[in-house]
Trainee: 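First the structure, which I've put down as structure tokens, then a few questions once you've had a look.
All values below were derived from every heavy atom in this structure, side-chain atoms included, with hydrogens, water molecules and symmetry-related copies excluded. Throughout, protein chains are lettered first and strands after them, A, B, ... in sequence-line order, and every chain is numbered starting at 1. Note that the structure is a prediction, hence the values are computed from the model and not measured.
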Number of protein chains: 2
Amino acid sequence: MTRSEDETRVDTLERPSLEAARETIASGIAREALVTAFGRCRVEYDGRAASSLAAGDRHVMCKPDGTILVHTDEGQKPVNWQPPGCEHTVELVEGEADTTESALILESTRSTPEERLRVTFETVLCVSVFAGTDDTDLSLVGTEEDLRERILETPDLLESGFTPLATERATPAGAVDIYGEDSAGRAVVIELKRRRVGPDAVSQLRRYVDALERDLHADAAVRGILVAPSVTDRASRLLSDHGLEFVSLEPPAE
Amino acid sequence: MTRSEDETRVDTLERPSLEAARETIASGIAREALVTAFGRCRVEYDGRAASSLAAGDRHVMCKPDGTILVHTDEGQKPVNWQPPGCEHTVELVEGEADTTESALILESTRSTPEERLRVTFETVLCVSVFAGTDDTDLSLVGTEEDLRERILETPDLLESGFTPLATERATPAGAVDIYGEDSAGRAVVIELKRRRVGPDAVSQLRRYVDALERDLHADAAVRGILVAPSVTDRASRLLSDHGLEFVSLEPPAE
DNA sequence: ATCTAAATCTCGTCG
DNA sequence: CGACGAGGTTTAGAT
């Protein structure tokens, strides 16, 4: 077979027979393409939890990395899915005689943990196979990491005289975002959040401060500072209850 | 217009002109259908954070509820997205003279928070419009809620003589999963997790126990029990450090 | 609309 | 492989 210009990048079947759909899906998976199917199906999942979904029209996407996604017409999250690294198989189950209906079964399995997703199509309205190229990486700004860099560049943003000594400093309770000391030489633990925080972030900071106080084995109290754009009321109360502090800072915008 | 049997459920164009793609996408969105496009595009996002993605072949899905998802050939998560409730627009930008290239721009915006996603196609390899029906709900078992029901049905699973008194009991630090008392009449706070837990779950439990001890204003200590299939080493250490307990229980399997 | 916590969270990173 | 924490988390429920 010769492909003069570029290889086939897209192949679509409308209202295919189940056998034609099976063949196209199987060859798409074998070619490491991105395969989609839209049609009436039911879905069973068993693994970390277990779920069942009765028949309806859904959009199914199989990626060459072993991901499978089942989308309804609502919501950002797939109604069922399987993560990258799974094995896909597609199989046609013939109805017995003329009475039972045939079905197309798309199955995805993995181990560690043992998980299985089974999509059973009674009708396939459309199958597509897409072969593309994508070499690029997403560039993202506004993360917690950006906020950390901002503080390390200009420690006075936190408070005058603050000196960062380490990032990701290990404690028995986990790694501290920024560890440093204030102008009086007191140890400071900083927990960073890129957005408004609730009680969980306060607990996290408290855990680190506790651990560090035990670890330093000194009576000199360790200061704990939560750095985020803002806090909820309850989080603010929890901060005071435990002698922790808050400084309002956002990740850089650009 | 008459549709004798059933209305058009799927409409697909392979390698359409940008104008034909625009027309099909616009009418699909207007018809409240699920619309997909595959082709070479770049993607810009600005909102809670900001991101940029150079040109590559990707799969874009617009749902009638205002969701938009941009998928590459890898990963379970879309590389870019917009949540339900957004406004979609599709627009053709003509190149100037014959020198500049035309482009198809798919844009999704929302407020609270202000967010914008822009997908700029230089080539569309396939556009599909799907109209289906899906009335069913997912049935899921193995959740934290299932674990709670299991304990409420058979409190002795936790320990002999335990009596549940309330679920979602309010404290200044948040709502406790199960509140009850042991055979000696001591107050018990239970935090449930459907899977193996780490330090965060311990902190959460500690926060509730702390708050309840203050709230009850008594010196009688409140017992805190973490109920989960298992704990990590560090979490186990944190539990002992704070006088908290652990009971191994899983959500029911069926 | 905001708060709070669960989730088959997913994803990267590090030991 | 597990552990740990970030995430434009998303989603559901309560206030």
Trainee: Got a sec? Which of residues 39-59 of chain B come in under 4.0 Å of DNA chain C, heavy atoms?
Mentor: none
Trainee: Would you tell me if any nitrogen or oxygen in the side chain of B/W81 comes within less than 4.0 Å of OP1 or OP2 on D/dT10?
Mentor: yes
Trainee: Does the D/dG5 base have a donor-acceptor partner in the side chain of A/Q204 within less than 3.5 Å?
Mentor: no
Trainee: For D/dT9, does either OP1 or OP2 sit under 4.0 Å from a side-chain N or O belonging to B/K77?
Mentor: no
Trainee: How close or far is atom C1' of D/dG5 from atom CZ of A/R148, stated in whole angstroms?
Mentor: 11 Å
Trainee: For B/R207 and A/L117, take the nucleotide of DNA chain C holding the closest heavy atom to each; which residue's nucleotide lies nearer the 5' end?
Mentor: B/R207
Trainee: Touch check for A/P84, heavy atoms < 4.0 angstrom, all strands: base, sugar-phosphate only, or nothing?
Mentor: sugar-phosphate
Trainee: Is the B/F38 ring parallel, tilted or perpendicular to the B/H59 ring (thresholds 30°, 60°)?
Mentor: tilted
Trainee: Answer with base, sugar-phosphate or nothing: what part of the nucleic acid does A/P199 contact at a heavy-atom distance below 4.0 Å?
Mentor: sugar-phosphate
Trainee: Take the protein atom CG of A/D200 and the nucleotide atom P of D/dG7, then report the distance between them rounded to whole Å.
Mentor: 13 Å
Trainee: What integer distance in Å separates A/K193:NZ from D/dG5:P?
Mentor: 9 Å
Trainee: With the threshold set at 4.0 Å, does a side-chain nitrogen-carboxylate oxygen contact exist between A/R207 and A/E191?
Mentor: no
Trainee: Think B/T232 has a side-chain N or O under 4.0 angstrom from the OP1 or OP2 of D/dG2?
Mentor: no
Trainee: Between atom CZ in A/R234 and atom C1' in D/dA14, what is the gap in whole Å?
Mentor: 11 Å
Trainee: Would you mind classifying the nucleic acid contact of A/Q82 as base, sugar-phosphate or nothing, using non-hydrogen atoms under 4.0 angstrom?
Mentor: nothing
Trainee: With a 6.0 Å cut-off (strictly less than), is the heavy-atom count around CZ of A/R40, excluding the residue itself, greater than 12?
Mentor: yes
Trainee: In whole Å, what is the span from the CG atom of A/D177 to the P atom of D/dG5?
Mentor: 10 Å
Trainee: Would you mind pulling out the nucleotide paired to C/dT8, Watson-Crick or G-U wobble, both distances under 3.5 Å?
Mentor: none
Trainee: Would you kindly compare A/R196 and B/R194 by the position of their nearest DNA chain C nucleotide and give the one closer to the 5′ end?
Mentor: A/R196
Trainee: Ignoring hydrogens and angles, state whether a donor on the side chain of B/D200 or B/S203 is under 3.5 Å from an acceptor on the partner side chain.
Mentor: no
Trainee: OP1 or OP2 of D/dG7 versus the side-chain N and O atoms of A/R195: is any pair under 4.0 Å?
Mentor: no
Trainee: Show the nearest heavy-atom pair for residues A/S51 and B/L140, with the distance to one decimal.
Mentor: CB-CD1, 3.7 Å
Trainee: Using a cut-off of 4.0 Å on non-hydrogen atoms, how would the nucleic acid contact of A/R110 be classed: base, sugar-phosphate, or nothing?
Mentor: nothing
Trainee: Compare every heavy atom of A/T232 with every heavy atom of A/P199, then report the nearest pair and how far apart it is.
Mentor: CD-OG1, 4.3 Å
Trainee: To the nearest Å, give me how far apart CD (A/E168) and P (D/dA3) are.
Mentor: 19 Å
Trainee: Considering only atom C1', compute the distance from C/dT8 to D/dA14 and round it to an integer number of Å.
Mentor: 25 Å
Trainee: If you look at every strand shown and take non-hydrogen atoms under 4.0 Å, does A/G142 touch a base, only sugar-phosphate, or nothing?
Mentor: nothing
Trainee: Regarding A/E153 and A/R150, does a basic nitrogen lie under 4.0 Å from an acidic carboxylate oxygen?
Mentor: no
Trainee: Across the strands shown, which category fits A/E191 at heavy-atom distances under 4.0 angstrom: base, sugar-phosphate, nothing?
Mentor: sugar-phosphate
Trainee: How close or far is atom C1' of D/dG13 from atom CD of B/E144, stated in whole angstroms?
Mentor: 13 Å
Trainee: Assess whether side-chain hydrogen bond (donor to acceptor under 3.5 Å, both in side chains) is satisfied between B/D137 and B/S139, documenting all intermediate values.
Mentor: CA-CA 6 Å; B/D137 281 320; B/S139 140; over 6 Å; no
Trainee: Using the heavy-atom set of chain B and a strict 4.0 Å cut-off, write down the first and last nucleotide of DNA chain C that makes it in, 5' to 3'.
Mentor: C/dA5 to C/dC11
Trainee: Look at atom CD of A/E149 and say whether more than 12 heavy atoms of other residues, nucleotides or ligands are closer to it than 6.0 Å.
Mentor: yes
Trainee: So how far is it from B/R48 CZ to A/R194 CZ, rounded to the nearest 0.5 Å?
Mentor: 8.0 Å
Trainee: Identify, between A/A173 and B/N80, the residue whose nearest nucleotide on DNA chain D lies closer to the 5' end.
Mentor: A/A173
Trainee: Once you round it to whole Å, what is the distance between C1' of D/dT10 and CG of B/D65?
Mentor: 13 Å
Trainee: In this structure, which one of B/E122, B/R58, B/R118 forms a side-chain contact (heavy atoms from CB on, under 4.5 Å) with B/C41?
Mentor: B/R58
